[in-house]
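We count ligands from 1, going down the list as the structure has it; atoms in each ligand are counted the same way. Small disclaimer: the values here were computed from a predicted structure and weren't measured. Position 1 is the first residue of the sequence; numbering continues from there.
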Amino acid sequence: MGDVGRVPVGIIGASGYGGVQLVRLLIDHPGVELVYLGGESSAGKAFGELYPHLNHRVDLIIEPIDLDQIAARCQVVFLSLPNGLACQMAPALLEKGCKVLDLSADYRFSNLETYENWYGKTRSDQAIAETAVYGLPELYRDRIAEAQLVGCPGCYPTASLLALSPLLKQGLIVPETAVIDAKSGTSGGGRQAKTNLLLAEADNSFAAYGVARHRHTPEIEQVCSDLAGHEVLVQFTPHLIPMVRGILSTVYATLRDPGLVREDLLTIYMAFYRSSPWVKILPSGVYPQTKWATGTNLCYIGVEVDPRTDRIIVMSAIDNLMKGQAGQAIQCLNLMMGWNETLGLPQLSFYP
Ligand SMILES: NC(=O)C1=CN([C@@H]2O[C@H](COP(=O)(O)OP(=O)(O)OC[C@H]3O[C@@H](n4cnc5c(N)ncnc54)[C@H](OP(=O)(O)O)[C@@H]3O)[C@@H](O)[C@H]2O)C=CC1
Ligand SMILES: CC(=O)N[C@@H](CCC(=O)OP(=O)(O)O)C(=O)O
């Protein structure tokens, strides 16, 4: 068991990019003790052997996955696994009373038919999926605080939804006109070897992929529909850019009231995110850069209006492994445990 007062926490999938980012954050988190790391091909290796720069801080061995044992040792379990595995593990952990935060797509959809159609996997745990809360704190803070199971958002949906939410919630745009043009660094694809993520393939190159069919589209649409109060379809195009960390999402939409100017919209965004410590609305005329967010859980948002087209253009920048993944999962953990949303997350920001 963990130290008195500290919550014992485990990570399944500790060797991956999400896993190592969780480890780096959790070893300095004052509320938790990291007691278990699990994996498949890495099982049996010392974590410090895989990540020597953390050897002096982490003396855990990556263990094979025994759910009974994990539940006996951990109060909270992070699942940082490829899609389709969390749904095989979460039910047993939940039944034994663990709180579960899943970083994959398995528990992001309330309707599993959508998941099955887009992810090509069959599921039989609709009842459990319905208990899961979508882990975007800026929209679902109260529900996350009560949840036993959180389905953490994808990286593109996080950046894109934070840009779109104030507009949808207040009916300021025609939802169907939303076009999302997003760019990600290569770490978004995970640590496993993939040809398109090799330096020789990705460097000095910039291209769209998954055009008109990327699986983050229905995830973004689910939340947009929730905010708009009716079914909304959006156009989402992701791009791979030659950098390691970061996402820049640029969102275009037609304003319902063509009289709105940039300053009006900035006031609306600032009010919407007034109680959200991890969203920074940039001053008038300043647009976000991905490097400002690197290593932080921050989402930077810049807003512009084009009076010639009556379109709003919103730009959001995050670190895909932080606000887009591990950092956001810890923000959710903080809410689930009744702690301050910022606990254990680095405050450093490159923009004042
Ligand atoms: N990278 C990103 O920017 C983001 C990723 N996500 C999602 O988070 C999840 C983790 O992503 P990421 O960290 O990038 O992935 P990685 O490919 O870097 O890591 C995957 C992890 O899963 C483990 N694993 C794979 N197969 C099995 C198995 N059969 N049983 C047990 N463990 C297994 C691996 O362990 P081992 O090495 O031991 O085999 C490894 O630790 C994914 O669902 C991803 O889609 C979400 C938001 C952003
Ligand atoms: C650059 C890159 O490959 N990015 C990943 C998105 C990572 C992510 O958030 O995926 P999940 O929804 O599976 O969690 C992709 O487009 O598949």
S.K.: Considering only protein heavy atoms, which is closest to atom 7 (C) of ligand 1, and at what distance to one decimal place?
M.R.: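 The closest one turns out to be Leu103 O, 3.3 Å.
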
S.K.: Distances for all N or O pairs of ligand 2 and the protein under 3.5 Å?
M.R.:
| residue | atom | partner | partner atom | Å |
| --- | --- | --- | --- | --- |
| ligand 2 | 4 (N) | Gly188 | O | 3.3 |
| ligand 2 | 4 (N) | Tyr209 | OH | 3.4 |
| ligand 2 | 9 (O) | Cys155 | N | 3.2 |
| ligand 2 | 10 (O) | His216 | NE2 | 3.4 |
| ligand 2 | 12 (O) | Arg108 | NH1 | 2.7 |
| ligand 2 | 12 (O) | His216 | NE2 | 2.4 |
| ligand 2 | 13 (O) | Asn83 | ND2 | 3.3 |
| ligand 2 | 13 (O) | Arg215 | NH2 | 2.9 |
| ligand 2 | 14 (O) | Arg108 | NH2 | 2.7 |
| ligand 2 | 16 (O) | Tyr209 | OH | 2.6 |
| ligand 2 | 16 (O) | His214 | NE2 | 2.7 |
| ligand 2 | 17 (O) | Arg215 | NH1 | 3.2 |
| ligand 2 | 17 (O) | Arg215 | NH2 | 3.2 |

S.K.: Would one find an N or O of Arg215, backbone or side chain, under 3.5 Å from an N or O of ligand 1?
M.R.: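 Such a contact does not occur with ligand 1.
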
S.K.: Looking at Phe236, is Arg215 sitting on its ring face, NZ or CZ under 6.0 Å from the six-membered ring centre and within 45 degrees of the normal?
M.R.: no

S.K.: Look at atom 31 (C) of ligand 1 and say which protein heavy atom is nearest, naming residue and atom and giving the distance to 0.1 Å.
M.R.: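 Its nearest protein heavy-atom neighbour is Ile65 CD1, 3.3 Å.
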
S.K.: Side chain, backbone, both or neither: which part of Ser187 has a heavy atom under 4.0 Å from ligand 1?
M.R.: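 Only the backbone of Ser187 comes within reach of ligand 1.
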
S.K.: Give a yes or no on whether a salt bridge exists between Lys183 and Asp181, defined as a side-chain N under 4.0 angstrom from a carboxylate O.
M.R.: yes

S.K.: Could you tell me whether some N/O pair between Leu81 and ligand 1 is separated by less than 3.5 angstrom?
M.R.: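 Looking only at distances, the answer is yes, because the N/O contact criterion of under 3.5 Å is met.
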
S.K.: State whether the side chain of Ser187 and the backbone N or O of Val244 hold a donor-acceptor pair below 3.5 Å, judged by distance alone.
M.R.: yes

S.K.: Can you check whether Gly13 has an N/O within less than 3.5 Å of an N/O in ligand 1?
M.R.: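 Yes, since at least one N or O of Gly13 sits under 3.5 Å from an N or O of ligand 1.
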
S.K.: Go through ligand 1 atom by atom and flag the ones less than 4.0 Å from a non-hydrogen atom of Gly324.
M.R.: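 Under 4.0 Å from Gly324, ligand 1 has these atoms: 47 (C), 48 (C).
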
S.K.: Just jot down the ligand 1 atoms closer than 4.0 angstrom to any heavy atom of Cys155, in number order.
M.R.: 47 (C), 48 (C)

S.K.: So does Gly189 get a backbone contact from the side chain of Lys194, meaning a donor-acceptor N/O pair under 3.5 Å?
M.R.: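 Confirmed, Lys194 side chain pairs with Gly189 backbone.
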
S.K.: Yes or no, since that's all I need: does a protein heavy atom fall within a distance strictly under 4.0 Å of atom 44 (C) of ligand 1?
M.R.: no

S.K.: So if you build clusters from Ile, Leu, Val, Met, Phe, Trp, Tyr with side-chain heavy-atom gaps below 4.5 Å, do Leu112 and Tyr107 land together?
M.R.: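 Shared cluster, no.
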
S.K.: Is Ser15 close to ligand 1, meaning an N/O of one under 3.5 Å from an N/O of the other?
M.R.: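 Indeed, backbone or side chain, Ser15 has an N or O that close.
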
S.K.: Donor-acceptor pair, Tyr269 side chain versus Ala163 backbone, under 3.5 Å?
M.R.: yes

S.K.: Quick test of your reading of the structure: of Gln325, Glu40, Arg191, whose heavy atom lies closest to atom 12 (P) of ligand 1?
M.R.: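 Answer by nearest heavy atom: Gln325.
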
S.K.: Hey, what's the ring geometry for Tyr209 with Tyr156, parallel, tilted or perpendicular (30° and 60° as the breaks)?
M.R.: tilted

S.K.: Give the contacting part of Ile12 toward ligand 1: side chain, backbone, both or neither, where contact means a heavy-atom distance below 4.0 Å.
M.R.: neither

S.K.: Taking the side chain from Asp319 and the backbone from Gly295, do they hold a donor-acceptor pair closer than 3.5 Å?
M.R.: yes

S.K.: Just need the protein heavy atom nearest to atom 14 (O) of ligand 1, so name the residue and atom and give the distance.
M.R.: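 Going by distance alone, atom 14 (O) of ligand 1 is nearest to Gly190 CA, 3.2 Å.
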
S.K.: Which atoms of ligand 1 are found less than 4.0 Å from any heavy atom of Gly39?
M.R.: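 Reading through ligand 1 atom by atom, the close ones are 38 (O).
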
S.K.: Identify the two heavy atoms, one from Tyr134 and one from Pro153, that lie closest to each other, and give their separation to 0.1 Å.
M.R.: OH-CB, 3.2 Å

S.K.: Who's the nearest protein heavy-atom neighbour of atom 22 (O) of ligand 1, and how far?
M.R.: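 The closest one turns out to be Pro82 CD, 3.3 Å.
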
S.K.: Using a strict 4.0 Å cut-off to heavy atoms of Leu321, name the atoms of ligand 1 that fall inside it.
M.R.: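 Answer, ordered by atom number: 1 (N), 2 (C), 3 (O).
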
S.K.: Could you find the nearest protein heavy atom to atom 3 (O) of ligand 1 and give me its residue, atom name and distance?
M.R.: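 Answer, as residue, atom name and distance: Asn320 ND2, 2.9 Å.
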
S.K.: Which ligand 1 atoms are under 4.0 Å away from a heavy-atom of Ser42?
M.R.: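 Counting from 1, the qualifying ligand atoms are 36 (P), 37 (O), 38 (O).
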
S.K.: Between Arg141 and Glu146, does any side-chain N to carboxylate O distance fall below 4.0 Å?
M.R.: no

S.K.: Hey, which of Gln21, Met322, His29 is the one that makes side chain to side chain contact (heavy atoms under 4.5 Å, CB included) with Ile330?
M.R.: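 Among Gln21, Met322, His29, the one that satisfies the side chain to side chain contact (heavy atoms under 4.5 Å, CB included) with Ile330 is His29.
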
S.K.: Quick one: does Gln222's side chain have a donor or acceptor within less than 3.5 Å of a partner on Arg108's backbone?
M.R.: yes

S.K.: N/O of Gly16 under 3.5 Å from N/O of ligand 1, yes or no?
M.R.: yes

S.K.: Could you check whether any side-chain N or O of Asp106 sits under 3.5 Å from a backbone N or O of Gly84, counting only pairs where one atom can act as donor and the other as acceptor?
M.R.: yes

S.K.: Looking only at protein heavy atoms, identify the closest one to atom 39 (O) of ligand 1 and say how far it is in Å.
M.R.: Ser41 OG, 2.8 Å

S.K.: Mind checking what makes salt bridge (Lys or Arg N to Asp or Glu O under 4.0 Å) contact with Arg262, not counting sequence neighbours?
M.R.: Glu304

S.K.: Any donor-acceptor pair under 3.5 Å linking the side-chain atoms of Thr131 with those of Gln148?
M.R.: no

S.K.: Indicate, as side chain, backbone, both or neither, the part of Leu85 found under 4.0 angstrom from ligand 1 when only non-hydrogen atoms are considered.
M.R.: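 Just the side chain.
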
S.K.: Are the side chain of Ser316 and the backbone of Tyr300 linked by a donor-acceptor contact shorter than 3.5 Å?
M.R.: no

S.K.: Nearest to atom 10 (C) of ligand 1 by heavy atom, Gly188, Ser80, Gly18, Gly246: which?
M.R.: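 Result: the heavy atom closest to atom 10 (C) of ligand 1 is in Ser80.
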
S.K.: Between Glu221 (side chain) and Val234 (backbone), is there a donor-acceptor pair under 3.5 Å?
M.R.: yes

